[in-house]
Amino acid sequence: MEEDEIAGYVTAYLKKKGFTQTEKIFQEEFQTNKTNSSPLEPDIAKHILSFSQLESGPARFHDGYSRLRSWTHCSLDLYKHELLRVLYPVFIHCFMDLVAKGHVQEARHFFNTFREDHEMMHLRDLQKLEGVLSPTHLEEMEFAHSLRQSKFNIKICEYSYELLLQHLHSTQSTTILGIINEHINFQVTPGQPSSIVDDPEAVTLSGSSQDAANQINQKEIHWGLLEDSLEERLEKASSLLSDSEKGEGEAKEGETEENKKRPVEGGKQGASIKKVKKDKGGSATGKNTKAEVNTVSAAPRVKPELPMPIIPSEVEQSILEDLRNRVQLSSVALPSVSFYTFLNTHNGLSCSSISHDGSLVAGGFSDSSLKVWDMAKLGEQTASSLSQDENDTSQNPQMGQSGGGKRQYTLFQGHSGPVYAASFSPVGEFILSSSADSTIRLWSTTYNANLVCYKGHNYPVWDVQFSPVGHYFASSSHDRTARIWSMERIQPLRIMAGHLSDVDCVQWHANCNYIATGSSDKTVRLWDVQSGECVRVFVGHRSMILSLAMSPDGRYMASGGEDGTIMMWDLSSGRCLTPLIGHTSCVWSLAFSCEGSVLASGSADCSVKLWDVNTSTKVSRAEEKSGNASRLRSLKTLPTKSTPVYALRFSRRNLLFAGGALAKNG
Amino acid sequence: MSTVPKETIEVIAQSIGITNLSPDVAFALAPDLEYRIREIMQESIKCMRHSKRTILTADDVDSALALRNLEPIYGFTSNDPLRFKRAAGHKDLFYIDDKDVEFKDLIEAPLPKAPLDTSITSHWLAIEGVQPAIPENAPVEAPTEIRKSSEYKEDGIPVDIKLPVKHVITKELQLYFDKITELVLNKPASIPFRRALISLATDMGLHPLVPYFSRFVADEVAQNLHNLTLLFALMRLVRSILQNPHIHIELYLHQLMPPIITCVVAKRIGNRLSDNHWELRNFSVNLVASICKRFGNVYHNLQPRVTKTFLHAFLDPTKALPQHYGAIKGIAALGSRLVRLFILPNLEPYLLLLEPEMQPEKQRNETKRQEAWQVYGALLCAVGQCMHERAKIFSNLLSPSTRASSRPNGKAMIAMSSKRKASTENLMQQQQPPLKKLATDGPGGVVPMNSMSVDMQMQGSAGAFSTMMGVPNVGVSSMARQISNDNTMGREVGGQQSKVSSILAQAWKDDIDAGQLLSSVYELFGESLLSFIPKAEAGVFL
């Protein structure tokens, strides 16, 4: 009897849903009405039947997904990788649906069955999701929440899309179809499927809405260098000099030697400008001709959006002196590296920072103290070796030794929590430190005293950085904001909010008009300092971002992640030029050389790596068209003796300073 | 369903005094507990990363709890990572290995040393991209470099490969080395130095320093031959290193042997006449002997080389007497067999050379005379020891008749042995060079002699004892007579002496009649030799 069947299904459904009362009433009514029941519409019967099938419990997720999975794995090789991309969003949404419906046990089972498929690409996400065990957790956890809210964008070719839909319809897997409709936004492109490695975004797309990111990335940014910078002044001076030299035909010996250097430097900058103009993209940076010196004037110069502090003339002189004596670095001329090793830190060193001339080294400790060493005064050897390369100690602030007596360092006490970051002002007379006590403190190395305590963040301040010109500084915190401050105000000037998780690191752009922030939400954002708006979102990292560096020409940015990958970004396009893979552990620190030809990275795997920036950018531009993954050239790996590298700093003369705490073996 | 079983919740509830926890509550709490733990771990990992660490510590968890406005967990404060122990019988169950500490012990214990204060050192990690080979830098690993270079070759970029040049020793060892060398150079007589020697002889873990020590010894010996005390200190250092059971010295013997041998056969040691360099020579000889004894059977060319050096010094009349002294001592120390092999055959001509040096009327120089007497003493000693051993070995074979019967015996056998003569003559020709060396200083007599002695041993089976004794006896003696007659040195060689020399000339043979040997030696040395011969055997001879 058909009606009995239907009644059976209905009761089963009610039972399953836990409507015990309704079920009872239904049973009663069914018994009473049995005799005088009118025959049901066959259509309705069918619907109810299919509905009951559809609601066959949590197993349908499991079945549906495993069917889709096996189908995908059996599909044509040409389209397979595109279809595989669909699996991950389906997987996590199946899981979250199961959790949301309260089938915790089944959800866990489902998750464990299939997690291996996605571990390689999305390990950290899976680790986060693994703990979600009740609907309330879904609500609470911002990551899950954002996943539920937003759609995945998947680029897929027309044929793959058809294949997928056909399969889903033919197998009647309505559950999966529902998920795909609800959470995936297909960007169907006509023609051939894209190559596997072409588009990393298509694979690593996270919950953040890519559309919004794209929209943000449309905004214009002026990444050019500041007008009237010291470098520019030097260029002008040198070009004037070389002009006069041409006229005179002869010049003094010392000057000619200097002139040999300057055209190279000018050429570098000229070449970097050419990179901007894509129509001239073919020119190689290596070919520095004198003709290019003249193109310096064509460099994009931007006006500072902030009122700039005035640099004292003697400081300016010393900087100019440094610039003149700068060693030119390239893939064949590698820098010298001076390594500062912290001893007896008892696992307490949580950050270190080196001043721009390498003479001061600061260490932030988990016992809330900040210690500053004056390397010029430490030991004869150091001093002599330093004075050879950085013989201009007159620029160093004459720091009075503290009353600590035998102590080699100056102890700054004031924080009430681990000091997570420290930053020297460009000249070296101030240090900023940020701490877990949610404050930032400004210290004077001249008076060895705390000057200001900046309170504004509500949670530990992970990072603080002085701007390249000093006076302004940026901070980033666990409260998911980054803030811009000036030394003279105790309130922040700007608050940058938008990251979905902790803001772990912050870095200034060379022209001071932008700051970049790296976050635990695996994105890097670029913010306009003046407006406080986010102007770029860089998506592509697969782990939290620990370090950032801006190229001196203002065009590129490097970011280092927890998993050891470094990514090189083009600021104007917002695209990743190339991932630099080589480190095996957290990249704590990154630094560009002063003319931007070498990138240094320091890592927890106890090594400093030097990368050739020119090759990487050049190659990637060439390969952008050919559609191949670009590869950056690692110039050199400098292993330390079990010392993780915490800090890196190129001096103005291109001597690389590195710092780290000696780790105990075993 | 969750990794936290609900039993855990029940146990926790009981531990805080809730006894009537319903199973439903436990069931609901378990997944939430897991979620909270994961949440805290996520925050702790953030704190760990920002402390620039890769190992999670209790501090990180406390910081994470603070972030959530929770009270930290007390009692786990430590900067070091916790040490977990695996529970026996479980694969994935760990616990913290906490020891019970008695308050009494804790209170009575002396205050621990204050931890060292943080400091900074600086060094060059790289100079223009090249890592200098200094102790602060990690040793360069050749294989990875090579692998990388091949990687780069694809790019067509030249990469220079730096092979490992560094030998890393720890700071402690460096300090140790510096201290020891300082003691050797400055205070060789002090008590600390004596202690240092004991430490060198017993301590483990000094092996990395051995190349440095051997280098040090070699350098210092080469430069300071005039400084007797320093040389002595160095030799004592070597002895201590040799004594150390944890050091594999054999790898560095090639470096250590030259300085030691130098101390044995150096022409001039010490700059004052009063310097007792004989003692140093004796000391060093003992070192050489012990080395040869220990490693001689492992390194086959060790002893021949040492012997060759000594023999060279011994057989060269132009060398100074102290050198001869050292050489004789050295050969003697290497065993009586070598004495028989090298010294006895040359004993007579050598004594002829030595004699004038010892007599006051012929050698005016007091020092030279003293030296000659020392050499004589050494020679006597060597021969005497040799004879002592022979006497002991052959005491059962000896009989008064041997001496008398030996010669007729030999004569009677001449005919019989004629066929053997060819070979004997052959041997004799080989024997000649060492004899001639006295005059000509011909090199390289050692190896053929060695091989010859082996030959003879092979032939000299027990059955052929008497034959062997007789035949070469005569053959050699006649040959020796010829030689001595031919001797251009124009020395007067009497019949008696020629007999002595002929007997001595064949002293290298294992089975030579000890009695004859003794008598001839006795003729050379006189009564003084008798003190080396055990009373019983001596009685037999005389």
Side-chain angles (χ1 to χ4, degrees), chain A residues 104-105 108 128 130-134 137 333-351 361 363 366 371 373 375 378 382 385 407-409 418 420 436 459-460 462 478 502 504 520 544 546 562 585-586 588 604 608 610 633 635-636 638-641 644 646 658, chain B residues 1-3 28 30-39 41-43 45-47 49-55 57 59 63 66-67 78-81 115-131 135-141 144-145 148 151-152 155 157-159 168:
Chain A
V104 179
Q105 202 153 3
R108 180 52 70 98
K128 274 186 197 164
E130 202 178 4
V132 176
L133 286 172
S134 78
H137 294 163
L334 295 176
S336 298
V337 189
S338 178
F339 201 96
Y340 295 142
T341 313
F342 288 80
L343 302 172
N344 310 318
T345 55
H346 311 287
N347 274 335
L349 185 74
S350 49
C351 72
V361 183
S366 54
K371 295 171 185 174
W373 282 262
M375 294 313 288
L378 260 187
T382 324
S385 67
R407 234 189 263 138
Q408 289 176 311
Y409 52 83
Y420 286 127
Y459 279 105
W462 295 136
H478 177 70
D502 303 37
D504 293 303
S520 288
M544 72 189 271
L546 294 166
E562 191 188 5
S585 188
C586 310
W588 298 131
V608 175
L610 301 172
R633 196 155 70 90
L635 288 175
K636 188 92 183 173
L638 304 167
T640 66
K641 213 161 153 185
Y646 288 3
Chain B
M1 92 197 157
S2 90
T3 47
D32 198 54
L33 175 70
E34 187 187 341
Y35 178 78
R36 299 298 159 198
I37 289 174
R38 282 174 183 278
E39 198 181 11
M41 289 324 287
Q42 181 187 314
E43 300 301 320
I45 288 169
K46 275 180 197 167
C47 292
R49 292 298 181 211
H50 285 286
S51 300
K52 303 246 192 306
R53 267 183 281 110
T54 46
I55 296 168
T57 63
D59 281 349
S63 317
L67 280 180
S78 161
N79 272 339
D80 296 319
L116 292 168
D117 201 1
T118 314
S119 62
I120 287 190
T121 62
S122 75
H123 71 272
W124 289 108
L125 184 66
I127 294 169
E128 288 174 358
V130 181
Q131 280 198 289
E136 287 90 345
N137 283 337
V140 182
E141 284 164 36
T144 57
E145 287 284 320
K148 271 179 203 152
E151 236 170 64
Y152 289 147
D155 298 353
I157 294 144
V159 171
V168 183

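A, B, ... follow the sequence lines: proteins, then strands. Residue 1 opens every chain.
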Region of [X] in contact with chain B, defined by heavy-atom distances below 4.5 Å:
| X | answer |
| --- | --- |
| A/P335 | backbone |
| A/H478 | side chain |
| A/Y459 | side chain |
| A/A604 | side chain |

Legend entry - Where B/G129 and A/L334 come nearest, the two heavy atoms and their spacing: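 That closest heavy-atom pairing would be CA-CB, 3.5 Å.
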Inset, instruction - Under the side chain to side chain donor-acceptor pair (under 3.5 Å) rule, collect the residues that match up with B/D117, sequence neighbours excluded. - result: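 Residues passing side chain to side chain donor-acceptor pair (under 3.5 Å) with B/D117: A/Y409.
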Inset, instruction - Mind telling me whether A/W462 and B/H50 have parallel, tilted or perpendicular rings, with 30° and 60° as the class edges? - result: parallel
Legend entry - For A/T341, all residues meeting side chain to side chain contact (heavy atoms under 4.5 Å, CB included), sequence neighbours excluded: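 Partners of A/T341 under the side chain to side chain contact (heavy atoms under 4.5 Å, CB included) test: A/F339, A/L343, A/T643, A/L662, B/T121, B/H123.
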Legend entry - Top of B/E128, B/R36, B/Q42 for chain A proximity - count of heavy-atom pairs under 4.5 angstrom: B/E128
Inset, instruction - Sort out for me which of A/V132, A/D502, A/L546, A/T640 touches chain B most, counting heavy-atom pairs under 4.5 Å. - result: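 Most heavy-atom pairs under 4.5 Å with chain B: A/D502.
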Inset, instruction - Measure from the side-chain N and O atoms of B/R49 to the backbone N and O of B/T54, and report whether any donor-acceptor pair falls under 3.5 Å. - result: no
Inset, instruction - May I ask you to say whether B/R38 pairs ionically with B/E43, meaning some side-chain N is under 4.0 Å from a carboxylate O? - result: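 Between B/E43 and B/R38 there is no salt bridge, as every charged N stays at least 4.0 Å from the carboxylate O atoms.
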Legend entry - Engaged part of B/L33 at the chain A interface, taking heavy atoms whose separation is under 4.5 Å: neither
